[in-house]
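A short worksheet on the structure shown next.
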Amino acid sequence: MTPARVRYAPSPTGDPHVGNIRTAVWTWLYARHTGGKFLVRLEDTDQSRAVPGSLERILASLRWLGLDWDEGPDIGGPYGPYVQSERLPMYQAAAARLIEQGNAYPCFCSSEELDALRTRQQAEKRPTGYEGKCRTIPAATARSRVNAGEPHVIRFATPRDGSTTVVDLLRGDVTVENRTLDDFVILKSDGFPTYHLAHPVDDTAMEITHVTRGDEWLPSAPRHALLFDALGYPRPTYVHTPIILAPGGGKLSKRHGAKFVLEYAEEGYLPDALLNFLCITGWGHGDDTVFTRERLIELFDLADLSLNPATFDMDKLNWLNGVYLREMPERDLAELLARRLEHDLPADAVRPLDRAFVEAITPLVRERIQVLGDVTALADFFFVDQIPTPTREEFLQKRFKDDAAGAAAAIEGVATALEAVSPWETPAIESALRGLAESTGVKVGDLFTLVRLAVTGKRVSPPLFESIELLGETKAVDALRRAASMLRG
RNA sequence: GGCCCAUUCGUCUAGCGGCCUAGGACGCCGCCCUCUCAAGGCGGAAACCACCGGUUCGAAUCCGGUAUGGGUCACCA
């Protein structure tokens, strides 16, 4: 297997969201699969769109997902710099060469002129695009106007005839008639390149073997091919990846279902789960669904990607995260839960949390949560000074509907029984409660619901007896007595 | 509108000419387990493989057309 050199090339316009990062996941996996290199390059050629702090957030997102890079803006590498705004001379040299060869020319048209042209074309229902007005300016004239400091851009002189075929690894040949391509801008008036120019120059200089990018680039791939050819560069292998659709249909966007990678981190998704999920939406291997990182590296191949736009299946992500939560080592999970609780619990809970205690409750909660953030609502009662007592209405249902006195008596009975339990361990607690249910003739379900309500403050909780054990006799009995007296009064 | 791309259960996919009366996973439904909720076990419903024509002894798989969906037509990437 030939080691690949692949890259993730984001522009610093904000946080990467999942659609964008999925392509990075696949690219990284391919690098690791082939034993090649994965690099990060910042595409910051549009200063007007730059968002401060983006690079840090982008790198943090990759780091969190466990996508390490071999070369990049922060660590450098043998093909640097890895920031396009620091590579301007290379683009300018390439543009100058293209002008010299007759493959490009300066264009002096103003944006007002261009806007007017476009409006006219639309009104006349003709295809839009630059029609080559400045292409016919004699080279000498153009040169002197440039030298005189007249504002201009550099456009590529697209061949008028013939067609261009690009090869996409997944789709095969994609052919486009050259006349449907206009003379696109390769160097802007501020001296910065457009993506069209930066891509061939950088990916060639950095010896990129596979260009992975969203398939919104497919229509302009022929332009890139033309540029590669004109510059005398060998063309890389292209892999245009499908987009991710929002759950309701339509493109996944910030206001439509998409979230930033780091938001998933905050909500308590595990990096390996998200990685697994992202990878299998748009890719599959046999009958398996759950893949460890190592297994993905072993199996993943860009050639096996699906061509269909995939819908982001939130339910499946949640399920998958639950799978990872259940399978990870208990100690590790406990540490994550402890940090989570320290972050989410009310201010009066004492911090740092007792790790041994959190470790003790971990098996009780781990199969009841899908994301780490779920733990607080489920286990907060373990950490508060006084367990809140639910309302009368919560207690007085079914068997105890309109029977506050009976409910109070039952709860009081449990408190008394618990005081006699020894040793204070789950089996003894359980048999005490079951014995009480039997001797009083109350159905276990009805009795345990009352106890659960009083002791955890919830209708839904971790297993009752284990919870009572971990809570300790004092807190459990106190909660029961308070509930009983509330019902009486 | 021009150009380009795609089309297998609700969703993600397996499938790369016979193993397919189409397999798995999520979700959904039922049963079991059970102190709640989960988790787990078992079972089920769910895709005339978009449609129409070809090629072939044989097509979900190859070819063409149609339809539908998507992308793209900037001095943004």
Side-chain angles (χ1 to χ4, degrees), chain A residues 9-13 43-46 48-49 84 107 109-111 114-115 118 121-122 125-130 151-155 168 170-171 174-177 179-182 184-196 198-199 213-222 240 242-243 245 247 249-251 277 280-290 304 306-320 322-323 326 364-370 374 378 430 433-434 437 443-449 451-453 456 458-465 467:
Chain A
S11 49
T13 51
E43 310 231 319
D44 63 340
T45 55
D46 185 356
S48 65
R49 291 207 317 159
Q84 289 185 328
C107 168
C109 295
S110 66
S111 17
L114 264 16
D115 289 345
R118 189 161 35 244
Q121 287 167 330
Q122 281 164 348
K125 298 210 190 305
R126 284 157 47 213
T128 54
Y130 188 66
H152 65 283
V153 300
I154 306 298
R155 287 180 184 276
D168 179 271
L170 303 173
R171 303 157 224 264
V174 176
T175 302
V176 155
E177 296 299 323
R179 62 181 158 72
T180 66
L181 271 19
D182 72 346
F184 54 94
V185 173
I186 56 173
L187 205 63
K188 300 184 255 186
S189 54
D190 60 4
F192 279 63
T194 59
Y195 174 85
H196 300 309
H199 152 53
R213 46 152 67 152
D215 68 5
E216 69 267 21
W217 286 109
L218 198 50
S220 50
H240 291 95
I243 59 165
L245 265 23
K251 191 172 179 174
F277 173 75
I280 63 169
T281 105
W283 176 85
H285 185 273
D287 285 347
D288 295 338
T289 304
V290 182
D304 297 329
S306 161
L307 277 332
N308 307 23
T311 305
F312 194 86
D313 189 348
M314 218 38 209
D315 285 334
K316 197 166 194 168
L317 203 215
N318 287 331
W319 166 78
L320 199 52
V323 170
R326 268 168 255 133
L364 307 191
V365 300
R366 81 182 310 174
E367 62 197 29
R368 272 165 259 264
I369 60 176
Q370 288 196 308
D374 292 343
L378 192 64
E430 175 165 6
L433 295 204
R434 285 192 188 281
K443 284 201 293 186
V444 292
D446 293 328
L447 210 220
F448 294 174
T449 295
V451 178
R452 183 187 317 283
L453 246 13
T456 70
K458 309 172 193 305
R459 297 202 78 79
V460 170
S461 79
L464 232 206
F465 318 118
S467 295

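As a basis for the values below, the full set of heavy atoms in this structure was taken, side chains included, without hydrogen atoms, waters or symmetry mates. As the structure is a prediction and not an experimental result, all values here were calculated from the model. Here is the naming used below: chain letters follow the sequence lines, and residue numbers restart at 1 for every chain.
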5'-most by nearest nucleotide on RNA chain B - S461(A) or S306(A)
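Closer to the 5' end of RNA chain B: S306(A).
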
D315(A) or N308(A): which one's nearest nucleotide on RNA chain B is closer to the 5' end?
N308(A)

Which nucleotide wins on minimum distance to the side chain of K188(A), given the candidates C35(B), A77(B), C4(B)?
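The answer is A77(B), which lies nearest to the side chain.
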
Measure from the side-chain heavy atoms of V460(A) and tell me the nearest of C37(B), G24(B), G27(B).
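Nearest nucleotide to the side chain: C37(B).
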
Rounded P spacing from U8(B) to C62(B) in Å
14 Å

How is [X] classified with respect to the nucleic acid when contacts are heavy atoms under 4.0 Å: base, sugar-phosphate, or nothing?
X	value
V153(A)	base
G282(A)	sugar-phosphate
P151(A)	nothing
F277(A)	nothing
P462(A)	base
P463(A)	base
I280(A)	sugar-phosphate
T456(A)	nothing
T175(A)	sugar-phosphate
R171(A)	sugar-phosphate
S11(A)	sugar-phosphate

Checking the side chain of [X] only, and the main-chain atoms of [Y] only, is there a donor and an acceptor separated by less than 3.5 Å?
X	Y	result
S306(A)	N308(A)	yes
R326(A)	E367(A)	no
E43(A)	Q84(A)	no

Quick one: what's the B/S/- string for nucleotides 67-74 of chain B, heavy-atom cutoff under 4.0 Å, read 5' to 3'?
---SBSSS

Determine: side-chain N/O of [X] to OP1/OP2 of [N], distance under 4.0 Å, yes or no.
X	N	answer
R326(A)	G40(B)	yes
R434(A)	C35(B)	yes
T311(A)	C12(B)	yes
T281(A)	U11(B)	no
T194(A)	C75(B)	no

Other residues, nucleotides and ligands only: do more than 12 of their heavy atoms fall within 6.0 Å of CZ on R179(A)?
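No, not enclosed.
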
Does this structure show an ion pair linking D168(A) with R171(A), if we count only N-O contacts that are shorter than 4.0 Å?
yes

Step by step, would you call S220(A) with Y195(A) a side-chain contact (heavy atoms from CB on, under 4.5 Å)?
CA-CA 10 Å; S220(A) 50; Y195(A) 174 85; over 6 Å; no

Given the ring of F184(A), does R155(A) sit roughly above its face, with NZ or CZ under 6.0 Å from the centre of the six-membered ring and within 45° of the axis?
no

Hydrogens and angles aside, do R452(A) and S461(A) bring a side-chain donor and acceptor to less than 3.5 Å of each other?
yes

